[in-house]
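Have a look at the structure below before the remarks.
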Amino acid sequence: MPPPSAEDDATLLALVQRGDEQAMASLFDRYSKVVYSVALRVLRDPASAEDVLQEIFMQIWRSPDSFIATRGSLGGWLAVVSRNRSIDQLRRKRPTEQVDGIALASSYNLADEAERNIMIDRARGVIMTLPHEQRKTLEMAFFDGLTHSEIAEMTGDALGTVKTRIRTALLSLRKAFQS
Amino acid sequence: MIPVKHIDPDDIALYAMQLLPPDETEEMTLHLQHSAEARRVLSEIYADLAIFAHSADMHSPPALARQRLMKHVAREKKALPVDPLANRGLITTGDFATRSSGSIFEEEATQKSLGAKILPWAGWALAAGLAGLSFTQYQQKTDLKSTLTANQAEMAKTVASAELANTLMETMKDPNAVHFALTSTDQKPPPQGRVTYVAERGSLVLTASNLDKLPPYKIYELWLIPQDGHDPIPAGTFRPDARGFASIVMPELPKGITAKTFGVTIEDGEGSQTPTMPIVMKGQTS
């Protein structure tokens, strides 16, 4: 495997736009682990997770311009896209999310491996500090793709409580990362 | 007319996770088109979700995934933009051709013999023939390259598969392997497990049966309990199939750890770094 490229995501995407296969390989080396891990967490099946991985990276190869707009937060975007594609696959749905035109308010440079690892450790640490109900509800929504109605039915909580827990968990996560 | 309606910020989080029903999704999409504030909230939520996504246990994709992607990428080669220099060259040739077929040439040509008329065209015909031949050869070379890459990928896949099978056989047959039969005190139906473990290689195979189905957010986890009294080492997670069968083959384990025994617990999510009581199955050397 070649050493990780020092080039930033925008440069690599621009090279991919011109058909540079090596740039594509560098993006894969940089982000495949996160994309695959998120898909595996949702689908719990290595073969299906690899399908999602291949599908997402082929989308980058075919339309890198739709990811260029994500500006510096490609890693974050790919993590969210991987989750959404995996949920679509669980529901046997066609891919629905549109990457174009949606911004992601992130100040993390996930192209940098060290920063990416710090983010992973910190995310896990912060999540463990969330109240159990909040963490569990957010996991059920994000990783299991359960709707708020389904979660309410399973846990016996009110719909409004489930929604508020999800939002509060995300706000706590943000606050902990900003502090 | 833009519909004005109060949007619950909690619903924006559900929208970001694609968990709203279709009618509410449509309504929210419309609202987002007209509200910069809602778009700002959405982009913050996406950033929060990106952080949360990174809390998943990290696993490297299969070794051949990269090769498979690059093969696919090579198959969908992009048409590169036309090189302006090449363009210029084309124009020059075209200019020459235009000039060659112009009136001056025609006037001169009328004074030349039949042989002199044919000779320049023979040159063009030869060039066209050579170009055609080169193109065919180029195509053949590209086809051969693709076949070679495909064969190499197939070969690598076969070798990796053979290596795994070989290691598996060696682990099962190794005279130094210690075997643990995992049983439960619960008799209806009793879950059973068998661990084959070679300490010096750090290789392990677990097969288990009669396992109870777990809720989606729970998972079984196998623990290696070291003989030297150190903390239990996670030795892989597993979920039983519909018939209660499960297996772990060659998890990532440190080499040279002598096992006192093995145990299985039920953990949250994708497993834990420390076992959660109770132990649902425990091992005895067999």
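Bear in mind that the values here come from a model prediction, so they are computed numbers and not experimental data.
For CZ of B/R75, the number of neighbouring non-hydrogen atoms (other residues, nucleotides, ligands) closer than 6.0 Å is greater than 12. When the shell of 6.0 Å around NZ of B/K218 is examined, it contains more than 12 heavy atoms from other residues, nucleotides or ligands. Within a 6.0 Å radius of CD in B/Q33, more than 12 heavy atoms belonging to other residues, nucleotides or ligands are found. The environment of B/M277 atom CE is dense: over 12 non-hydrogen atoms of other residues, nucleotides or ligands sit within 6.0 angstrom.
Contacts with chain B (heavy atom to heavy atom, under 4.5 Å) involve these residues of residues 150-164 of chain A, listed by number: A/K163, A/T164.
Classified by interplanar angle (parallel below 30°, tilted 30° to 60°, perpendicular above 60°), the ring pair A/W77/B/Y46 is tilted.
Between B/V73 and A/M58, the closest side-chain pair of non-hydrogen atoms falls below 4.5 Å. At a threshold of 4.5 Å between non-hydrogen side-chain atoms, the residues A/S32 and B/R66 do not count as touching. Contact annotation: the side chain of A/R167 approaches that of B/I45 to within less than 4.5 Å [non-hydrogen atoms, C-beta and beyond]. Within the 4.5 Å cutoff, the side chain of B/H59 has no heavy atoms near those of the A/R41 side chain. When side chains are defined from C-beta on, B/P61 does not count as touching A/E50, because their heavy atoms never get closer than 4.5 Å. The shortest side-chain heavy-atom distance between B/E270 and A/L40 does not fall under the 4.5 Å cut-off. The shortest side-chain heavy-atom distance between A/E139 and B/F52 falls under the 4.5 Å cut-off. Taking 4.5 Å as the limit, some side-chain heavy atom of A/L170 sits within range of a side-chain heavy atom of B/L49.
A/F143 has its ring centre no less than 6.0 Å from the ring centre of B/Y217.
Across all non-hydrogen atoms, the minimal contact from A/S37 to B/D57 is CB-O, 3.4 Å. Pairing each heavy atom of A/K33 with each of B/S60, the nearest pair is CE-OG, 3.8 Å. Taking both residues in full, the closest heavy atoms of B/A56 and A/R124 are given as O-NH2, 3.1 Å, listed atom of the first, atom of the second, then distance. Residues B/I51 and A/A123 approach most closely at O-CB, 3.5 Å, considering heavy atoms.
Contacts of A/F142 with chain B are made by both backbone and side-chain atoms, with heavy-atom separations under 4.5 Å. Only the side chain of A/R83 comes within less than 4.5 Å of a heavy atom of chain B; its backbone N, CA, C and O stay farther away. The contact between B/A16 and chain A is made entirely by backbone atoms, counting heavy-atom distances below 4.5 Å. If you measure heavy-atom distances from B/R68 to chain A, the contacts under 4.5 Å come from both the backbone and the side chain. For A/L146, the part lying under 4.5 angstrom from a heavy atom of chain B is the backbone only. For chain B, the nearby parts of A/I120 are the backbone and the side chain; heavy atoms of each come within less than 4.5 Å.
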What do the steps show when you test A/D88 against B/Q18 for side-chain contact (heavy atoms from CB on, under 4.5 Å), and what is the final call? CA-CA 9 Å; A/D88 286 340; B/Q18 304 182 352; 3.5 Å; yes
Test side-chain contact (heavy atoms from CB on, under 4.5 Å) applied to A/I166 and B/L14, step by step: CA-CA 8 Å; A/I166 292 172; B/L14 297 178; 3.8 Å; yes
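Among the candidates A/K136, A/M24, A/M140, the residue making the largest number of heavy-atom pairs closer than 4.5 Å to chain B is A/K136.
No donor-acceptor pair under 3.5 Å is formed between the side chain of A/W61 and the backbone N or O of B/M70. Checking side-chain atoms of A/Q54 against main-chain N and O of B/A65 turns up a donor-acceptor pair under 3.5 Å.
Note that the NZ atom of A/K175 and the CG atom of B/D48 stand 12.0 Å from one another [nearest 0.5 Å]. Residue A/D121 holds its CG atom at 11.5 Å from OG of B/S55, rounded to the nearest 0.5 Å.
Applying the ring pair (Phe, Tyr, Trp, His ring centres under 6.0 Å) definition to pairs two or more places apart or across chains, those involving residues 234-254 of chain B are B/Y220-B/F238.
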